[in-house]
Amino acid sequence: MMRDARSRSQGGRREGTGAERGNEGAWKSGGFAAKVRPAGTGKGRNGRRSAGKPPASGPTSASGAEARDSDGAPPFLSVIVPVMNERRTIAAVLKQAAKIHPHTELIVVANGSTDGSAEAAERCGAKVIRYRSPLGHDVGRAVGARAAQGEILLFLDGDMVLSAAKLRPFVDAIARGGADVALNDYSGPVHTSRVHPVVLAKHALNEMLRRPDLKGTSLTAVPHAMSRRALAVIGTESLLVPPLAHAKAAAAGLRIVLPIRVDVGRRNRPRRERERLRPLHRLIIGDHLEAIAWLSRQAAAEKEAPVLPEPDNAEKTGHGGGAE
């Protein structure tokens with residue numbers, strides 16, 4: 001699915017409704033760049049955004065702190081924060097994130113920002129990956145994950161300031177609890193006469209994944225964390241579509257836990273003009289449909305896979321061969 005651009009904070013999806021190491025490699029045509037769409041792309045007949053031209057050379061620059069600490073130790077934790085014009089909050093977000101673990105790298109994907117967000121992040125010691133034009137939704141997460149070198153990846157939003165005390169349980173669930181993915185235990189409001197369609201979509205996906213215990217939690221909501229092993233299983237590009245990444249994690253049998261609840265619905269800043277022009281919930285529901293379609297294809301493939309009968313003279317020795 002091609003990710004379209006939006007006017008809100010790009011790449012960090014909220015509830016309530018190597019990056020490139022240089023400019024080479026995966027950011028050339030056919031890689032991540034094929035998923036990136038600048039603002040102003042048209043809408044196709046299938047309801048998704050039609051393809052625009054990706055940035056010609058990937059990010060315009062990547063600068064900031066090195067991946068290793070002054071003592072030469074590699075980062076244990078990578079904190080990934082996409083931002084778009086969030087200069088007022090980004091420093092506070094990064095200040096709290098830096099307190100979680102002594103070996104932390106801060107990665108900020110400046111997603112078409114023009115208000116000084118990137119410079120503010122650099123002053124906080126973050127590695128900043130700049131894009132001149134806004135990326136599609138959630139592309140910033142994939143960009144940051146590609147650049148990350150930590151054993152654990154923590155995903156935040158640039159305009160949601162959360163204390164280190166609230167963020168640490170997500171990291172500890174993986175570092176000490178052995179989990180692969182730690183989700184925000186936030187399922188959205190369900191005890192209402194009219195449940196939001198995004199909330200319904202998340203509950204439906206978890207039911208289809210045979211994980212009703214996850215209720216309405218999802219990789220669509222920050223904060224969340226995952227191990228490097230989980231990232232390898234899910235695939236970095238799957239982060240472009242968070243419900244798809246969520247489905248792949250559950251289908252692969254990764255251990256998914258819900259450490260604590262952070263009410264992001266209350267913390268999410270209203271963006272009435274954006275919702276009036278381009279309602280975000282349509283994109284999120286489409287992402288869930290994409291995840292459900294992937295899950296259906298997986299189930300069909302398993303059903304259609306041929307099961308070869310065992311020869312009558314096969315010995316039950318474990319190697320499946322005939323009598324010798």
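Because only heavy atoms are used, hydrogens play no part in the values below, and waters and symmetry mates are left out as well, while side chains stay in.
- One distance of note links CG of Leu106 with OG1 of Thr104; it measures 7.0 Å at 0.5 Å rounding.
- Atoms CD1 and OG, on Ile152 and Ser78 in that order, are 9.5 Å from each other to the nearest 0.5 Å.
- At least one donor-acceptor pair closer than 3.5 Å links the side chain of Asn184 to the backbone N or O of Val262.
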Checklist entry - Yes or no on side chain to side chain contact (heavy atoms under 4.5 Å, CB included) for Leu162 and Val93, after CA distance, side-chain angles and deciding distance? => result CA-CA 7 Å; Leu162 299 171; Val93 170; over 6 Å; no

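- Atoms CG and CG, on Leu239 and Leu244 in that order, are 9.5 Å from each other to the nearest 0.5 Å.
- Not a single donor-acceptor pair under 3.5 Å links the side chain of Asp138 to the backbone N or O of Val241.
- Applying the salt bridge (charged side-chain N to carboxylate O under 4.0 Å, His left out) test to residues at least two apart or on different chains, the pairs with a partner in residues 204-223 are Arg211-Asp213.
- The closest donor-acceptor contact from the side chain of Thr236 to the backbone of Ala145 lies at 3.5 Å or more, if one exists at all.
- Not one N or O on the side chain of Gln149 forms a donor-acceptor pair closer than 3.5 Å with the backbone of Pro74.
- At a threshold of 4.0 Å, the pair Arg229-Glu151 does not count as salt-bridged, since none of the basic side-chain nitrogens sits closer than that to a carboxylate oxygen.
- Side-chain atoms of Asn85 come within 3.5 Å of backbone atoms of Asp115 as a donor-acceptor pair (strictly under, hydrogens ignored).
- A salt bridge (charged side-chain N to carboxylate O under 4.0 Å, His left out) check over residues 238-247, counting only residues at least two apart or in different chains, returns nothing.
- For residues 241-254, the set of pairs meeting the side-chain hydrogen bond (donor to acceptor under 3.5 Å, both in side chains) definition, not counting sequence neighbours, comprises Asn206-His246, Ser238-Lys248.
- A donor-acceptor pair under 3.5 Å links the side-chain atoms of Ser218 to the main chain of Thr220, judged by distance alone.
- Side-chain atoms of Arg261 do not come within 3.5 Å of backbone N or O of Tyr186 as any donor-acceptor pair.
- No continuous path of ILVMFWY side-chain contacts below 4.5 Å connects Val257 to Val222, so the two sit in separate hydrophobic clusters.
- Going from atom CG of Leu77 over to atom CG of Leu154 covers 6.0 Å, rounded to the nearest 0.5 Å.
- Under a 3.5 Å cut-off, the side chain of Gln96 and the backbone N or O of Ala164 do form a donor-acceptor pair.
- Using modelled atom types, one side-chain atom of Arg168 and one backbone atom of Lys99 make a donor-acceptor pair closer than 3.5 Å.
- For Ser117 (side chain) and Glu86 (main-chain N/O), a donor-acceptor pair under 3.5 Å exists by modelled atom type.
- The distance from atom CD of Glu302 to atom CZ of Arg297, rounded to the nearest 0.5 Å, is 13.5 Å.
- One finds the CD1 atom of Ile107 at 6.0 Å from the CD1 atom of Ile129 (value rounded to the nearest 0.5 Å).
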